[in-house]
Number of protein chains: 2
Amino acid sequence: MHEKMIKKLTANVDFRVTKQRKKILDVLISQDQHLLAQNIYEILREEDSKVGLATVYRTLDLFEESGIIKKRKFNGDSAYYEINDEHHGNHHHLICKSCGAVIEVDELLPEDIEERLEEEEGFQVEDLCLQMYGYCENCQKNSDE
Amino acid sequence: MHEKMIKKLTANVDFRVTKQRKKILDVLISQDQHLLAQNIYEILREEDSKVGLATVYRTLDLFEESGIIKKRKFNGDSAYYEINDEHHGNHHHLICKSCGAVIEVDELLPEDIEERLEEEEGFQVEDLCLQMYGYCENCQKNSDE
DNA sequence: CTACATGCAAATCATTTGCTTGGCA
DNA sequence: TGCCAAGCAAATGATTTGCATGTAG
């Protein structure tokens with residue numbers, strides 16, 4: 001259990017930090033990557049810890065509202081969740097249309113993009129999300145055959 | 001019916017251009033904005049033209065595979081579809097977390113972003129999608145009260 | 001103690017599929 | 001006149017909700 005990290009992330013929340021919620025957060029921290037609700041559910045179930053799938057969803061919603069995690073939908077049906085803190089910095093996702101792989105890439109955007117939108121459109125940006133769909137290295141090779 | 005535009009968009013496709021498919025494409029052209037499958041279904045139903053919802057979905061899939069339209073999921077559950085041609089240029093979406101409004105903004109990204117990814121990651125980008133979540137002008141005002 | 005959280009099962013919503021009938025090439 | 005497409009109804013899969021019970025503060 002990443003007790004310290006969990007404490008830090010939940011320092012200012014207005015909900016109870018129960019053992020289920022800690023475990024779910026712990027999985028997100030340990031895996032350190034985008035996960036489906038289903039993934040989290042299965043990982044917990046392989047341990048002693050059985051948490052209901054409904055609880056996983058309710059908890060992820062709660063975490064998202066508090067800004068602890070980010071929720072991402074790629075074009076498929078299900079949502080991915082990932083920790084949102086400075087150490088995990090801003091990154092973007094490449095999604096392979098052929099094999100479905102999701103690859104993370106570092107920040108690519110101009111620094112001033114959020115400010116520009118606030119000035120030009122009066123829109124207050126809280127969260128920014130860049131996704132690119134295409135073909136990963138492997139799938140490009142395989143389609144040559 | 002935007003016959004000319006429809007002909008142009010379907011010039012090189014390998015499926016039949018039936019009257020239902022024309023009508024669906026026509027709605028997308030006329031409305032000239034992101035629409036839900038449900039929206040298209042309802043618009044057609046108000047006209048003489050009754051097209052089944054399943055047909056709408058099947059057709060949208062087909063159009064997307066052919067590159068005629070783009071499919072976009074914002075964090076909600078349902079997908080939006082919009083015409084994909086040069087005249088509708090690259091644009092991005094601002095999504096208001098409070099009222100749900102979806103606002104289009106013009107291209108903001110550096111020109112070379114796709115090439116950089118191809119060089120640096122070996123990933124071949126076909127489609128790029130930038131979404132920003134936050135609060136629109138109106139909702140900022142209203143929350144001041 | 002008591003309000004808030006969990007677990008399970010049932011409900012919901014968008015989307016997909018099976019299958020029969022219709023219609024374009 | 002053979003295939004692909006449409007329409008409807010039923011199936012699916014992710015997510016949500018109702019409700020009785022458990023538990024953190």
Side-chain angles (χ1 to χ4, degrees), chain A residues 1 3 6-7 10-27 34-45 47-66 68-81 100 102, chain B residues 1 3 6-7 10-27 34-45 47-66 68-81 100 102:
Chain A
M1 276 288 233
E3 294 287 3
I6 294 173
K7 274 237 171 61
T10 56
N12 300 306
V13 298
D14 55 352
F15 52 79
R16 291 186 189 162
V17 183
T18 63
K19 66 174 187 304
Q20 288 88 337
R21 289 175 181 175
K22 280 186 188 167
K23 281 182 197 158
I24 291 171
L25 196 43
D26 190 54
V27 170
H34 41 267
L35 293 173
L36 300 170
Q38 186 66 35
N39 295 334
I40 296 170
Y41 174 72
E42 281 162 11
I43 289 169
L44 288 175
R45 174 146 271 265
E47 306 175 5
D48 48 350
S49 345
K50 314 256 185 230
V51 177
L53 186 54
T55 301
V56 173
Y57 278 107
R58 277 191 276 236
T59 302
L60 291 170
D61 278 358
L62 210 55
F63 288 173
E64 201 212 352
E65 280 164 27
S66 318
I68 299 176
I69 62 173
K70 285 187 182 177
K71 179 180 183 178
R72 292 279 174 253
K73 282 219 169 162
F74 306 128
N75 275 354
D77 334 272
S78 31
Y80 289 84
Y81 301 86
V102 180
Chain B
M1 277 286 232
E3 293 288 2
I6 294 173
K7 274 238 172 60
T10 55
N12 299 304
V13 298
D14 55 352
F15 52 78
R16 290 189 191 160
V17 183
T18 64
K19 67 175 187 305
Q20 286 89 338
R21 289 174 180 174
K22 280 186 188 168
K23 282 181 194 158
I24 291 171
L25 196 43
D26 191 55
V27 171
H34 41 266
L35 293 174
L36 301 169
Q38 186 65 37
N39 294 335
I40 297 170
Y41 174 71
E42 282 162 11
I43 290 169
L44 287 175
R45 181 140 271 262
E47 306 177 5
D48 49 350
S49 344
K50 314 255 186 232
V51 177
L53 186 54
T55 302
V56 173
Y57 278 108
R58 275 192 275 238
T59 302
L60 291 170
D61 278 358
L62 210 56
F63 287 172
E64 201 212 353
E65 280 163 28
S66 319
I68 298 176
I69 63 174
K70 285 186 181 177
K71 178 181 184 176
R72 293 279 172 255
K73 282 217 168 163
F74 306 129
N75 275 355
D77 334 272
S78 31
Y80 289 84
Y81 300 87
V102 179

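If you're wondering where the values come from, they're calculated on a predicted model, not measured in any experiment. So you know, we letter chains A, B, ... as the sequences are listed, proteins then strands, and number each from 1.
Near DNA chain D, defined here as any heavy-atom distance below 4.0 Å, the residues from residues 54-62 of chain B are B:A54, B:T55, B:R58, listed numerically.
Using a 4.5 Å heavy-atom cutoff, the side chains of B:E64 and A:N75 are in contact. Proximity of B:I6 to B:M1: side-chain heavy atoms (C-beta onward) are separated by under 4.5 Å at one or more points. The side-chain heavy atoms of B:Q20 and B:T59, taken from C-beta on, include no pair separated by under 4.5 Å. With a 4.5 Å cut-off on side-chain heavy atoms, B:L36 and B:Y80 count as touching. A 4.5 Å side-chain heavy-atom check between A:Y57 and A:Y41 finds every atom pair outside the cut-off.
Atom C1' of nucleotide C:dT6 and atom CZ of A:R45 are separated by 14 Å, given to the nearest angstrom. Note: NZ (A:K19) to P (C:dT6) measures 9 Å, nearest angstrom. At whole-Å resolution of the value, CG in A:D77 and P in C:dA14 are 13 Å apart.
Nucleotides of DNA chain D that come within less than 4.0 Å of any heavy atom of chain A span, from the 5' end to the 3' end, D:dA14 to D:dA24.
A:K22 places no side-chain N or O within 3.5 Å of a backbone atom of A:V17 that could act as its donor or acceptor partner.
Comparing B:T18 and B:K71 against DNA chain C, the residue whose closest nucleotide sits nearer the 5' end is B:K71.
Other residues, nucleotides and ligands contribute only 12 or fewer heavy atoms inside 6.0 Å of the NZ atom of A:K7.
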